[in-house]
Amino acid sequence: MSHSYAIEEQVAVAAVRRACHLTSSVFNRLVKNETLTKGDKSPVTVGDYAAQAVISSILHHAFPGDPIVGEEDASDLRAEEGRVLKDRIIELANEALTAELGLGDSTTWGIGPGQEKSAEELLDAIDRGNHPGGREGRMWTIDPIDGTKGFLRGEQYAVCLSLIVDAKVQLGVIGCPNLPVDPSAPENGTGCIFTAVRGHGAQQLTLNGSNPTPLVIPQTTPETLNFLESVEAAHSSHSFNDRISSILNITRPSTRMDSQAKYCCLARGEGGAYLRMPTGVGYREKIWDHAPGQVLVEEAGGVVTDSRGEPLDFGLGRTLGENFGVIAAGKGAHSRVLAAVQEALNETKAKV
C-alpha cells in the first residue's frame, strides 16, 4: 500500500469490512429468521441505514473534511414514527463499530471496543451523505447495499465505496459477502473484498482483509466470452444483450447477478463483458452504482465506457447525466463489444 492513497485504501477496506459483517448479520437475523410479508423491505432499510452510518462514521473520523455522496438520509428516522426502526439501526451500527479491531484497523477511526456512538452522532453520519457531487475536490461515494433484491434472496449484493478526486475515481472498494472466494471451487467459502487504486492495480482480499491476490482480466475469444448482466430486466435490456450476443456469435449464456459484484467477477476473469443498456427514457445512473466498479475493472486491465465509447463522467453531480448505458470489458474485447452495441443501436433506430 505504498502509494498516495494508501491510508484512504486502508480506511476504506476497514469500513467496507465492518459494513459487510453488519449486512450479513442483518440478513441472518431479519431475513432468515423473521417472517416477512410480501414486498417487505424493512431488512434492506435497516441494513442500508446502519451500513451507511458505519461507513460514514469511520470516514468522518479519518477524513473529517471530506464530503460524502450517499444514498440515504436520516429524515425519516428523526420522526417519531421512525423511532423503532431508528433504535434497531443504532444498535446494529454500534455493534459493528465496537467489534474487535481487525487487520489494519486503528482506534483513531472511531472503531473498536468502547467506541459506541450516540443516536444523534449516527443520524448525523447518515445525513453526511447529502453532498451534491461535482467536478472539483475530494468526495466519497457510498452504496451501503447495492443489489437489494439479491440481498433479500440471499444471493449477490455488494457494499460499495469509492473516492473521487476532481471527477476522477481514484479508489474503489467493493465487499461481496456472498461471492465465492474461488469461483472454480465454490465449496471453499464465500466473502471477498475487491480494491483498486488508480495506477496501482486491483486485488481481491478475503473478507477479513488478508491474502491479497492481484487481478488481471484474461484475454477472451468469442468461444469463451459471455456477458454479465443484471437479474432484473428492468435494470438492463436482456433482449438487447441477446442481440449483441448474436452479432458477436457468442454462444455461452449470460451470467446474471445483482449489484456491482458483476464488476468484481469481470475483474477476476468471470465473463468477458458487463453490459448495462438503458431500458427506457429518463433513468439516470447514480455515480455510486459505478464509480468503484469502474476503477476496479480499469485497474485489472479493462475498459469502461458508455455506448458511444466515451468514458463515464463522475463530475456531473450525483448521477452520470444522460444515460448512454455502460459497457465494461477486457481491453481485447471492449472494441468488439462496443462495435456490436453500436450496430444493434443503429438497427433499433432504423426500425423506428
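Heavy-atom basis, side chains included; hydrogens, waters and symmetry copies ignored. The structure displayed is predicted, hence computed values, not measured ones.
A donor-acceptor pair under 3.5 Å is absent between the side-chain atoms of Ser246 and the main chain of Asp242, judged by distance alone. A donor-acceptor pair under 3.5 Å is absent between the side-chain atoms of Gln204 and the main chain of Arg268, judged by distance alone. Under the 3.5 Å distance criterion, the side-chain polar atoms of Ser24 are matched with a main-chain donor or acceptor of Cys20. Put simply, the side chain of Asn226 gets close to the backbone of Pro253: a donor and an acceptor are under 3.5 Å apart. Judged by distance alone, with hydrogens and angles left aside, the side-chain atoms of Arg18 form a donor-acceptor pair with the main-chain N or O of Ala99 at under 3.5 Å. When atom types are taken as modelled, the side chain of Gln170 and the backbone of Leu163 share no donor-acceptor pair closer than 3.5 angstrom. Asp127 contributes no side-chain N or O that, together with a main-chain N or O of Asp124, makes up a donor-acceptor pair within less than 3.5 Å. Without hydrogens or angle criteria, Lys86 side chain to Ala119 main chain gives no donor-acceptor distance under 3.5 Å. The backbone N or O of Asp289 sits less than 3.5 Å from a side-chain atom of Gln260, completing a donor-acceptor pair. Side-chain atoms of Asn178 come within 3.5 Å of backbone atoms of Glu155 as a donor-acceptor pair (strictly under, hydrogens ignored).
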Item to check | Evaluation steps, side-chain contact (heavy atoms from CB on, under 4.5 Å), between Val44 and Phe151 | outcome: CA-CA 8 Å; Val44 173; Phe151 171 76; 3.7 Å; yes

Item to check | side-chain contact (heavy atoms from CB on, under 4.5 Å) between Asp66 and Leu59, intermediate numbers included | outcome: CA-CA 8 Å; Asp66 284 359; Leu59 291 178; over 6 Å; no

Item to check | Criterion side-chain hydrogen bond (donor to acceptor under 3.5 Å, both in side chains) on Thr220 and Thr224, from CA distance to verdict | outcome: CA-CA 6 Å; Thr220 56; Thr224 61; 5.0 Å; no

Checklist entry - Could you walk me through whether Leu30 and Val46 pass the side-chain contact (heavy atoms from CB on, under 4.5 Å) check? => result CA-CA 9 Å; Leu30 303 188; Val46 170; 4.1 Å; yes

Checklist entry - Please walk me through it: do Thr206 and Asn211 pass side-chain contact (heavy atoms from CB on, under 4.5 Å)? => result CA-CA 6 Å; Thr206 63; Asn211 194 28; 3.8 Å; yes

Checklist entry - What do the steps show when you test Glu9 against His200 for side-chain hydrogen bond (donor to acceptor under 3.5 Å, both in side chains), and what is the final call? => result CA-CA 11 Å; Glu9 184 181 17; His200 294 277; over 6 Å; no

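In this structure, OG1 in Thr141 is found 8.0 Å from CZ in Phe314, a value given to the nearest 0.5 Å.
For the residue pair His61/Thr108, the side-chain donor-acceptor check at 3.5 Å is not satisfied.
Under a 4.0 Å N-O distance rule, the pair Glu80/Arg83 qualifies as a salt bridge. Using a cut-off of 4.0 Å between Lys/Arg side-chain N and Asp/Glu carboxylate O, Glu343 and Lys349 are scored as not salt-bridged.
The 12-atom threshold is not exceeded at CD of Glu136, counting heavy atoms of other residues, nucleotides or ligands nearer than 6.0 Å.
In this structure, Tyr274 has its ring center at least 6.0 angstrom away from the ring center of Phe227.
In this structure, Arg138 is positioned above the aromatic face of Phe63, its NZ or CZ under 6.0 Å from the six-membered ring centre and within 45° of the axis.
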